[in-house]
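Only one structure is covered here, and it is reproduced in the block below.
Source: prediction; values computed, not measured.
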Amino acid sequence: MPELSQETERGKALLPFGAAEVTGPSMVPTLKHGDRLVVQYGARIRAGDVVVLRHPFQQDLLVVKRATERREGGWWVLGDNAYAGGDSTDYGTVPEELVLGKVWFRYRPWAPGGRSGRQRSVLAAVRSPLAAVRWAWGAARPVPADRSASRRLRAR
């Protein structure tokens with residue numbers, strides 16, 4: 001289940017947008033372990049949007065899932081990876097107040113493996129301009145809303 005950094009919580013009071021990091025495989029192929037997210041807090045949620053929410057049973061844990069449909073009592077959320085679990089099939093409908101925001105973009109870090117800023121700048125100087133262009137082209141992508149998610153839910 002993707003867990004998000006707690007920095008997300010501190011930043012939401014100051015700005016409507018924040019950053020978060022994904023850990024875990026439950027949103028593969030849309031999001032992968034290590035992806036960074038741009039989250040809009042308090043955004044209007046529609047079926048198919050990827051959202052950040054508090055886990056219903058461990059409210060200090062933040063997770064990212066796809067809101068598939070609004071039901072009585074809140075949102076039904078599913079991970080894009082059906083084999084990973086940790087979604088509404090385990091804990092039921094998520095109350096509206098636990099859904100914190102909508103994910104707009106994902107980006108991948110320049111230097112995987114948690115290198116420091118200084119190490120990244122050295123790597124950037126060593127890599128070719130073509131490699132930098134390729135990274136920039138593939139690093140940042142919008143996170144698409146899957147409006148067919150409710151149809152998939154009925155098919156399960």
Specify the closest pair of heavy atoms between Asp87 and Gly79, including all atoms of both residues, with the distance to one decimal.
OD2-N, 3.2 Å
Heavy atoms, side chains only, cut-off 4.5 Å: are Glu21 and Asp35 in contact?
no
Main-chain N/O of Leu61 paired with His55 side-chain donor or acceptor, under 3.5 Å
no
Smallest heavy-atom separation, Tyr91 atom then Gly86 atom, equals OH-O, 3.4 Å
What are the two closest non-hydrogen atoms of Ser26 and Ala84, and how far apart are they?
CA-CB, 3.5 Å
Drop me the distance from Leu53's CG to Leu100's CG, to the nearest 0.5 angstrom.
7.0 Å
Does the side-chain contact (heavy atoms from CB on, under 4.5 Å) test come out yes or no for Arg70 and Arg46, once each step is laid out?
CA-CA 8 Å; Arg70 182 174 272 150; Arg46 294 175 35 190; over 6 Å; no
Ignoring hydrogens, what is the shortest heavy-atom contact between Asp49 and Arg44? Give both atom names and the distance.
OD2-O, 4.0 Å
How far apart are the C-alpha atoms of Trp104 and Gln40, what are their side-chain angles, what is the distance that settles it, and do they pass the side-chain hydrogen bond (donor to acceptor under 3.5 Å, both in side chains) test?
CA-CA 7 Å; Trp104 283 98; Gln40 181 184 9; 2.7 Å; yes
Could you tell me if the side chain of Thr30 sits less than 4.5 Å from the side chain of Val143, heavy atoms only?
yes
Let me confirm one number: the OG-NZ distance from Ser88 to Lys65, rounded to the nearest 0.5 Å.
9.0 Å
Going by heavy atoms in the side chains, are Arg108 and Lys32 under 4.5 Å from each other?
yes
Between Trp76 and Arg71 the two heavy atoms that sit nearest each other are CE3-NH1, 3.1 Å
Test item: Val38 and Val103 side chains (from C-beta on) under 4.5 Å apart, heavy atoms:
no
Just wondering, do Met27 and Val22 contact through their side chains at under 4.5 Å, heavy atoms?
no
First locate atom OG1 of Thr68, then atom CG of Asp146, and finally report the distance between them rounded to the nearest 0.5 Å.
10.0 Å
Residues that Glu97 engages under side-chain contact (heavy atoms from CB on, under 4.5 Å), provided they are two or more places apart:
Pro95
With a 4.5 Å cut-off on side-chain heavy-atom distances among I, L, V, M, F, W and Y, is there a chain of contacts connecting Val28 to Val64?
no
Interatomic distance, CZ@Arg66 vs CH2@Trp75, rounded to 0.5 Å, equals 12.0 Å
Would you please name every residue forming a side-chain contact (heavy atoms from CB on, under 4.5 Å) with Tyr83, sequence neighbours left out?
Asn81
Find the distance between CD (Gln59) and CG (Leu98) and round it off to the nearest 0.5 Å.
5.0 Å
Tell me, do Phe105 and Val39 make a side-chain contact under 4.5 Å, heavy atoms counted?
no
side-chain contact (heavy atoms from CB on, under 4.5 Å) assessment of Thr93 paired with Glu72:
CA-CA 8 Å; Thr93 304; Glu72 187 177 324; over 6 Å; no
Test of understanding: with side-chain hydrogen bond (donor to acceptor under 3.5 Å, both in side chains), list the residues that count as partners of Arg141, not counting sequence neighbours.
none
